[in-house]
Trainee: 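Okay, here's the structure, questions in a sec.
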Amino acid sequence: MKSEPDAYSWEQLLADGSTHWDGVRNYQARNLMRDDMKEGDLVLFYHSNCKPPHVAGVAQVCKEGYPDFSAWDVDSNYYDPKTDSEEPTWMMVDIEPVATLSTTVELPDMRANPALEGMALLQRFQRLSVQPVGEEHFAEVCRMGGLDTATI
DNA sequence: GCCAACGTTGGC
DNA sequence: GCCAACGTTGGC
């Protein structure tokens with residue numbers, strides 16, 4: 001899951017203890033959160049649009065897909081007037097931190113690692129803010145960050 | 001700051 | 001229903 005650190009950072013998640021992943025307004029990302037993400041699923045928390053972009057920590061899903069109520073909150077930045085609470089269009093999950101990587105894993109290093117070939121994040125112009133990660137890629141990113149997935 | 005990709009919007 | 005215009009994302 002991607003977040004711009006200025007908007008919502010890993011440090012903020014640590015401080016909050018958990019968060020609603022609200023504001024996703026893309027159908028593909030919505031479908032992943034609604035259909036595929038299950039409680040306990042691990043998540044790479046990625047800081048985008050910063051120098052360099054990097055994975056900062058591992059989180060997990062602590063609440064499965066449910067309506068993103070910010071869509072019908074007129075005061076929210078994510079207000080979507082075309083949707084209503086009767087038939088919610090947008091869904092979110094809640095996540096909580098599991099482990100901070102001892103060293104952040106930077107995008108250029110990920111690109112340089114042949115073991116991560118094919119990872120969605122590394123595809124050119126991959127803008128999706130929620131993406132699936134294969135188990136082996138996940139473990140490799142953790143390893144690069146000094147975290148042994150077996151200990152999670 | 002640039003710009004490619006891609007999703008969305010709206011005129012026709 | 002097509003497609004041009006426009007906005008957003010996000011690496012570089």
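Chain letters run A, B, ... following the sequence lines, proteins first and then strands; every chain starts at 1. The structure presented is a predicted model; accordingly, all values stated were derived computationally and were not measured.
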Trainee: Could you list all the side chain to side chain donor-acceptor pair (under 3.5 Å) pairs where at least one residue sits in residues 21-30 of chain A, not counting sequence neighbours?
Mentor: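 Counting only pairs at least two positions apart or across chains, the side chain to side chain donor-acceptor pair (under 3.5 Å) contacts touching residues 21-30 of chain A are A:R25-A:D68, A:R25-A:S70.
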Trainee: Can you give me the first and the last nucleotide of DNA chain B (5' to 3') that has an atom within less than 4.0 angstrom of a non-hydrogen atom in chain A?
Mentor: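 On DNA chain B, the outermost contacted nucleotides are B:dA4 to B:dT9.
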Trainee: Quick check: on DNA chain B, is the nucleotide nearest A:K51 upstream (toward 5') of the one nearest A:R25, or the reverse? Name the residue that is more 5'.
Mentor: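 Its nucleotide being nearer the 5' end, the pick is A:K51.
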Trainee: Going by salt bridge (Lys or Arg N to Asp or Glu O under 4.0 Å), name the residues that satisfy it together with A:E140, two or more places apart in sequence or in a different chain.
Mentor: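 Once residues adjacent in sequence are excluded, the partners of A:E140 under the salt bridge (Lys or Arg N to Asp or Glu O under 4.0 Å) criterion are A:R143.
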Trainee: A:D80: what forms a salt bridge (Lys or Arg N to Asp or Glu O under 4.0 Å) with it, not counting sequence neighbours?
Mentor: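 Once residues adjacent in sequence are excluded, the partners of A:D80 under the salt bridge (Lys or Arg N to Asp or Glu O under 4.0 Å) criterion are A:K82.
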Trainee: Can you tell me if CD on A:E136 sees more than 12 non-hydrogen neighbours from other groups inside 6.0 Å?
Mentor: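 Incorrect, the count does not exceed 12.
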Trainee: Side chains of A:M1 and A:L44, heavy atoms from C-beta outward: is any pair under 4.5 Å?
Mentor: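 They are not in side-chain contact.
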Trainee: If an axis is fit to five pairs at each end of the helix from B:dG1-C:dC12 to B:dC12-C:dG1, what is the angle between the two, to the nearest 10°?
Mentor: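 End-to-end axis angle for the helix from B:dG1-C:dC12 to B:dC12-C:dG1: 10°, rounded to 10°.
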Trainee: Kindly write out the residues that satisfy salt bridge (Lys or Arg N to Asp or Glu O under 4.0 Å) with A:K51, not counting sequence neighbours, or none if the list is empty.
Mentor: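 In terms of salt bridge (Lys or Arg N to Asp or Glu O under 4.0 Å), with neighbours along the sequence ignored, A:K51 is linked to no residue.
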Trainee: For DNA chain B, whose closest nucleotide is more 5', that of A:N49 or that of A:R124?
Mentor: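 That would be A:N49.
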Trainee: Quick one, A:Y78 with A:D73, criterion side-chain hydrogen bond (donor to acceptor under 3.5 Å, both in side chains). Give me CA distance, side-chain angles, the key distance, then yes/no.
Mentor: CA-CA 8 Å; A:Y78 305 125; A:D73 172 1; over 6 Å; no
Trainee: So, A:W10 and A:T100: side-chain donor and acceptor under 3.5 Å apart, yes or no?
Mentor: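 Yes, because at least one side-chain N or O of A:W10 sits under 3.5 Å from a partner of the opposite role on A:T100.
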Trainee: What is the nucleic acid contact for A:K2, judged by heavy atoms within less than 4.0 Å: base, sugar-phosphate only, or nothing?
Mentor: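 Sugar-phosphate contact only - A:K2 comes under 4.0 Å of backbone atoms but never of a base.
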